[in-house]
Protein chains: 2
Amino acid sequence: MFTGWSIHALDAKGRLAIPARFRDVLRDEGDERLVLTTSERCLVAYPYNEWRAIADKVSRLSRVDPKVLAFRRYFISGATESLCDKQGRVLIPQPLRELAGLDGQVYLVGMQHNFEIWDKDRWYAEREQISANFGDLSSFMADLGI
Amino acid sequence: MFTGWSIHALDAKGRLAIPARFRDVLRDEGDERLVLTTSERCLVAYPYNEWRAIADKVSRLSRVDPKVLAFRRYFISGATESLCDKQGRVLIPQPLRELAGLDGQVYLVGMQHNFEIWDKDRWYAEREQISANFGDLSSFMADLGI
DNA sequence: AAGAGTTACCCCACATTTCCCCACTTATTA
DNA sequence: TAATAAGTGGGGAAATGTGGGGTAACTCTT
């Protein structure tokens with residue numbers, strides 16, 4: 001499982017180091033390929049197989065239904081397969097960098113089955129946002145029996 | 001499958017480079033012909049066979065039903081077959097360029113079975129639009145276990 | 001019907017990006 | 001404190017994308 005936060009620098013060439021403990025997870029699963037996709041304000045990285053299962057399901061959905069198109073455009077279209085270089089870095093494609101507002105300090109955030117890649121400022125803003133709605137969360141957790 | 005985004009420049013002659021990874025998909029399928037068609041706010045590019053299947057179905061539909069006519073006018077009529085030049089570019093016919101508002105920075109967006117061609121500003125507007133109507137998509141996400 | 005102007009298509013040359021490599025600095029562990 | 005691992009920076013070759021010239025085909029005008 002991917003857990004914990006790491007702060008890494010995005011270098012001038014658009015490369016981002018993946019924390020060793022995340023790479024370990026991939027290696028243990030026997031496939032080091034990573035898929036980078038888009039979410040609302042950040043990027044999401046999936047192990048290849050995990051992503052493949054999702055993409056295959058979506059590929060069988062309608063090719064014309066507007067809702068499916070919207071879903072594909074938003075969540076599927078940006079997916080880019082990539083592999084760490086010998087130094088444990090991946091190249092973030094320029095459009096994804098731009099979308100997620102990445103430059104300089106980047107937060108890598110473990111989300112159990114995958115991990116997210118956040119611009120530092122956006123990450124803090126996101127946490128504030130969540131904490132502002134904290135009441136909703138606590139009742140949600142209560143419902144889950146946590 | 002076509003996946004990932006690319007940003008390319010539309011040059012003064014109306015030519016657009018097709019990303020190498022998209023060209024690879026076409027080559028692997030053994031037919032490099034591409035069909036450009038119109039959609040609502042963007043262009044859509046299909047591998048020839050993929051398009052052929054759609055066009056054949058539509059060709060068997062009514063020649064007088066107003067809905068079929070409208071559909072033909074909107075989605076089918078603009079279809080243009082084209083081939084990449086030696087540099088991997090296609091010429092976007094001027095009416096299609098105009099319709100999709102293409103100039104300067106263009107986004108190429110992988111949609112699994114085909115790919116879309118967006119003006120940059122429109123692409124970002126489209127994403128905002130989708131995100132504003134997020135509720136519509138939740139059923140897919142639930143089905144997919146996302 | 002002929003000529004001027006435009007468009008499409010071929011080509012080549014240059015710029016940029018990507019990918020692979022090595023070296024250095026900083027952190028962690030023994 | 002030494003030794004190892006992790007992360008950062010940058011060089012260089014190959015692949016990819018961009019710009020632009022020239023010729024042939026076509027259109028439009030006169």
Side-chain angles (χ1 to χ4, degrees), chain A residues 2-28 32-36 43 45 78-99 102-110 115 117-120, chain B residues 2-28 32-36 43 45 78-99 102-110 115 117-120:
Chain A
F2 302 103
T3 56
W5 305 348
S6 294
I7 305 176
H8 285 162
L10 192 75
D11 71 20
K13 292 183 180 179
R15 294 174 301 187
L16 178 67
I18 303 301
R21 71 178 184 290
F22 286 1
R23 294 199 315 263
D24 291 345
V25 174
L26 295 171
R27 196 168 19 74
D28 291 350
E32 311 207 13
R33 282 177 297 178
L34 208 55
V35 177
L36 298 175
L43 303 181
T80 307
E81 187 182 327
S82 62
L83 203 56
C84 291
D85 66 15
K86 213 188 262 183
Q87 279 65 39
R89 294 172 294 196
V90 293
L91 179 71
I92 314 274
Q94 193 202 323
L96 299 191
R97 247 179 281 161
E98 193 176 320
L99 180 87
L102 303 181
D103 62 357
Q105 300 252 293
V106 172
Y107 271 63
L108 291 110
V109 179
F115 61 91
I117 299 171
W118 287 85
D119 169 67
K120 179 178 176 174
Chain B
F2 302 101
T3 57
W5 303 350
S6 293
I7 305 176
H8 286 163
L10 192 75
D11 71 19
K13 294 182 181 179
R15 294 174 301 186
L16 178 67
I18 303 301
R21 71 177 186 289
F22 286 1
R23 295 196 317 260
D24 291 344
V25 174
L26 295 171
R27 196 169 18 74
D28 291 350
E32 312 207 11
R33 283 176 297 176
L34 208 56
V35 178
L36 297 175
L43 304 181
T80 309
E81 187 181 327
S82 62
L83 206 54
C84 291
D85 66 16
K86 210 189 262 181
Q87 278 66 38
R89 294 173 292 196
V90 294
L91 179 70
I92 314 274
Q94 197 200 322
L96 298 189
R97 244 179 283 163
E98 201 170 300
L99 184 84
L102 304 181
D103 62 359
Q105 298 246 293
V106 171
Y107 273 61
L108 291 109
V109 177
F115 61 91
I117 300 171
W118 287 85
D119 169 68
K120 178 177 177 174

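Because the structure is predicted, anything quoted here is derived from the model rather than measured. In what follows, chains are A, B, ... by sequence order, proteins preceding strands, each numbered from 1.
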TODO: Mind checking A:Arg23 for me? I need base, sugar-phosphate or nothing, with any heavy atom below 4.0 Å counting as a touch.
DONE: sugar-phosphate
TODO: Find out whether A:Leu43 and A:Leu102 are in side-chain contact, i.e. whether some heavy atom of one side chain is under 4.5 Å from a heavy atom of the other.
DONE: yes
- [ ] Rounded off to whole Å, could you give me the CZ-to-P distance for the B:Phe22 and D:dT16 pair?
- [x] 14 Å
- [ ] Indicate yes or no: does B:Asp24 engage B:Arg21 in a salt bridge with an N to O separation below 4.0 Å.
- [x] no
Open item on the list: Classify B:Ile18 by what it touches in the nucleic acid, base, sugar-phosphate, or nothing, heavy-atom distance under 4.0 Å.
Closed with: sugar-phosphate
Task: Nearest-angstrom distance from the residue atom CG of A:Asp11 to C1' of D:dA6 - done: 15 Å
Open item on the list: At 4.0 Å (heavy atoms only), tell me whether B:Gln87 reaches a base, stays on the sugar-phosphate, or touches nothing.
Closed with: base
- [ ] Could you tell me the separation between the CG atom of A:Leu16 and the CZ atom of A:Arg89, rounded to the nearest 0.5 Å?
- [x] 10.0 Å
Open item on the list: Counting the atoms with a prime plus P, OP1 and OP2 as sugar-phosphate, which does A:Lys13 contact under 4.0 Å by heavy atoms, base, sugar-phosphate, or nothing?
Closed with: base
Open item on the list: Can you measure B:His8 atom NE2 to D:dG19 atom P for me and round it to whole angstrom units?
Closed with: 11 Å
Open item on the list: So for B:Arg15 and D:dG20, does any side-chain atom that can act as donor or acceptor lie under 3.5 Å from a complementary atom in the base?
Closed with: yes
Open item on the list: Main chain of B:Leu91, side chain of B:Arg97: is a donor-acceptor contact present, judged purely on distance under 3.5 Å?
Closed with: no
TODO: Round to the nearest Å and state the distance from B:Asp85 atom CG to D:dG17 atom C1'.
DONE: 11 Å
- [ ] At the 4.0 Å heavy-atom cut-off to chain B, mark where contacts on DNA chain C begin and end, going 5' to 3'.
- [x] C:dA8 to C:dC12
Open item on the list: Please determine whether a side-chain nitrogen of the Lys or Arg among A:Glu98 and B:Lys120 lies less than 4.0 Å from a carboxylate oxygen of the Asp or Glu.
Closed with: yes
